[in-house]
There are 2 protein chains.
Amino acid sequence: MKEPLSQQRAERIAPLLKALADPVRLRLLSLVAAHADGEACVCDLNDAFDLSQPTISHHLKVLHDVGLLDRSKRGVWVYYAVRREALADLGSLIGGVGA
Amino acid sequence: MKEPLSQQRAERIAPLLKALADPVRLRLLSLVAAHADGEACVCDLNDAFDLSQPTISHHLKVLHDVGLLDRSKRGVWVYYAVRREALADLGSLIGGVGA
DNA sequence: CAAACACATCGACGATCATCAATGTCTAGG
DNA sequence: CCTAGACATTGATGATCGTCGATGTGTTTG
């Protein structure tokens, strides 16, 4: 990273990091990633936390809104999947800031 | 990343991401990293933003408190330097969550 | 249609955050 | 000492955030 981040680029990246900057959302993301087919249904995720169902739904929405989770509804259930490309890009960007 | 993040690990990592999750702090970090000797004095950083001096000082403190910036005072000036190891660890962790 | 279930949305509340102006602390020069 | 400069700390304010209970939406089953 020779050139410092432009203001616009920083303002585009910060929301992604803000979405990740919560213990519950970090665990949600890794739980989905660790799941069998790379996707997990909300019912499974709810049971992993001591939080209300609306709260989990809220966190999943935050991760979905910034493009870190894909969402697909099948029947009564909703499945979330990690957008690994977005996560990889973000990771290399962070590691790359230090050169 | 086979195993999902433990709650304790998530709670240890989230503050680092929270520190990064701000456009001003992202730019501060990359400005320091892009500086000649890998360190920059606060006076240089202040001029790069349209913010008050206490605000910049606050952001630098946040980055320092989580261990992303080193601080050294020489004479009247204070120099900050990026802790590249911490940044690299965080970056690979993020990229690694998706497998 | 009705009831049950999975999940989302809404409204509210306390907590945290980014920012500023004012003030404090330390260092260097006169 | 005293003044000026570089940076930090404090206190206040408006905005955002995480969480909850209550309610809404859509789907399956009887």
Side-chain angles (χ1 to χ4, degrees), chain A residues 5 7-8 10-29 31-32 35 37 39-81, chain B residues 5 7-8 10-29 31-32 35 37 39-81:
Chain A
L5 257 51
Q7 178 173 352
Q8 309 141 55
E11 281 171 352
R12 234 184 55 236
I13 296 168
L16 288 185
L17 291 166
K18 191 169 279 183
L20 277 179
D22 181 281
V24 175
R25 290 198 287 266
L26 270 179
R27 286 184 65 208
L28 275 172
L29 208 65
L31 276 172
V32 172
H35 231 255
D37 301 323
E39 61 178 10
C41 126
V42 180
C43 52
D44 294 332
L45 302 171
N46 259 319
D47 298 344
F49 296 86
D50 236 21
L51 297 169
S52 70
Q53 173 265 321
T55 296
I56 299 298
S57 188
H58 161 71
H59 286 306
L60 289 170
K61 176 178 168 51
V62 171
L63 289 169
H64 173 68
D65 284 350
V66 298
L68 289 175
L69 282 183
D70 271 337
R71 189 216 264 167
S72 68
K73 181 167 187 177
R74 290 203 296 275
V76 186
W77 296 279
V78 172
Y79 293 85
Y80 284 92
Chain B
L5 256 53
Q7 177 173 353
Q8 307 140 57
E11 281 170 354
R12 234 185 55 236
I13 296 168
L16 288 187
L17 290 167
K18 190 169 282 184
L20 277 179
D22 181 282
V24 175
R25 290 197 289 265
L26 270 179
R27 285 184 64 206
L28 274 173
L29 210 64
L31 276 172
V32 173
H35 231 255
D37 301 322
E39 62 178 9
C41 128
V42 179
C43 51
D44 296 331
L45 302 171
N46 260 318
D47 298 344
F49 296 86
D50 235 22
L51 297 169
S52 71
Q53 173 264 322
T55 296
I56 300 297
S57 187
H58 161 71
H59 286 305
L60 289 170
K61 176 178 167 51
V62 170
L63 288 169
H64 173 67
D65 283 351
V66 299
L68 289 174
L69 281 183
D70 272 337
R71 190 216 263 167
S72 69
K73 181 165 186 175
R74 290 204 294 276
V76 186
W77 297 280
V78 172
Y79 293 85
Y80 284 93

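Just so it is clear, the structure is predicted and the values come from calculations on it, not from any experiment. Note: hydrogens, waters and symmetry copies are ignored here, and every other heavy atom, side chains too, is used.
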- Message: Show every disulfide bond (SG atoms under 2.5 Å apart) that has at least one partner inside residues 42-79 of chain A, sequence neighbours left out.
- Response: A/Cys41-A/Cys43
- Message: At 4.0 Å (heavy atoms only), tell me whether B/Arg25 reaches a base, stays on the sugar-phosphate, or touches nothing.
- Response: sugar-phosphate
- Closest non-hydrogen atom pair, A/Ala19 against A/Val66: CB-CG2, 3.6 Å
- Note on the structure: Here the gap from B/Arg27 atom CZ to B/Leu45 atom CG, rounded to the nearest 0.5 Å, amounts to 10.5 Å
- Message: Can you tell me how far apart NE2 (B/His64) and OG (B/Ser57) are? Round to the nearest 0.5 Å.
- Response: 11.0 Å
- Exactly one candidate in A/Val42, A/Ile56, A/Val62, A/Asp22 meets side chain to side chain contact (heavy atoms under 4.5 Å, CB included) with A/Leu28; the answer is A/Ile56
- Item | Bend angle of the helix from C/dC1-D/dG30 to C/dG30-D/dC1, from helix axes over five pairs at each end, nearest 10° | 20°
- Task: Grab the two heavy atoms, one from A/Arg25 and one from A/Leu63, that are nearest each other, plus how far apart they are.
- Result: O-CD1, 3.7 Å
- Note on the structure: OH (B/Tyr80) and CG (B/Leu60) are apart, to the nearest 0.5 Å, by 5.0 Å
- Message: From CG of B/Leu28 over to P of C/dT19, roughly how many Å is that when rounded to an integer?
- Response: 10 Å
- Message: Within the supplied structure, the quantity of interest is the number of heavy atoms (other residues, nucleotides, ligands) at a distance under 6.0 Å from A/Asp50 CG; does it exceed 12?
- Response: no
- Item | Length of the line joining B/Lys73:NZ and D/dG5:P, which is rounded to integer Å | 17 Å
- Task: Dump the intermediate steps for side chain to side chain contact (heavy atoms under 4.5 Å, CB included) on A/Leu17 and B/Leu26, then the final yes or no.
- Result: CA-CA 10 Å; A/Leu17 291 166; B/Leu26 270 179; 4.0 Å; yes
- Query: Could you give the CG-to-P distance, from A/Asp65 to D/dC17, as a whole number of Å?
  - Reply: 12 Å
- In terms of side-chain heavy atoms of B/Leu51, which of D/dG18, C/dC20, D/dG26 is nearest? C/dC20
- Within this structure, what is the CZ-to-C1' distance between B/Arg74 and D/dG5, rounded to whole angstrom? 18 Å
Can you give me the N/O atom pairs linking the protein to nucleotides 4-11 of chain C at distances under 3.5 Å, or say none if there are none?
| unit_1 | atom_1 | unit_2 | atom_2 | d |
| --- | --- | --- | --- | --- |
| C/dC7 | OP1 | A/Val42 | N | 3.4 |
| C/dC7 | OP1 | A/Val78 | N | 3.3 |
| C/dC7 | OP2 | A/Cys43 | N | 2.9 |
| C/dA8 | OP1 | A/Tyr80 | OH | 2.7 |
| C/dA8 | OP2 | A/Ser57 | OG | 2.6 |
| C/dA8 | O5' | A/Ser57 | OG | 3.3 |
| C/dA8 | N7 | A/Gln53 | NE2 | 2.8 |
| C/dA8 | N6 | A/Gln53 | OE1 | 3.3 |

- For A/Leu26 and D/dG18, what is the distance between atoms CG and P respectively, to the nearest whole Å? 12 Å
- Note on the structure: Ranking A/Lys18 and A/Asp50 by the position along DNA chain D of their nearest nucleotide, the one closer to 5' is A/Lys18
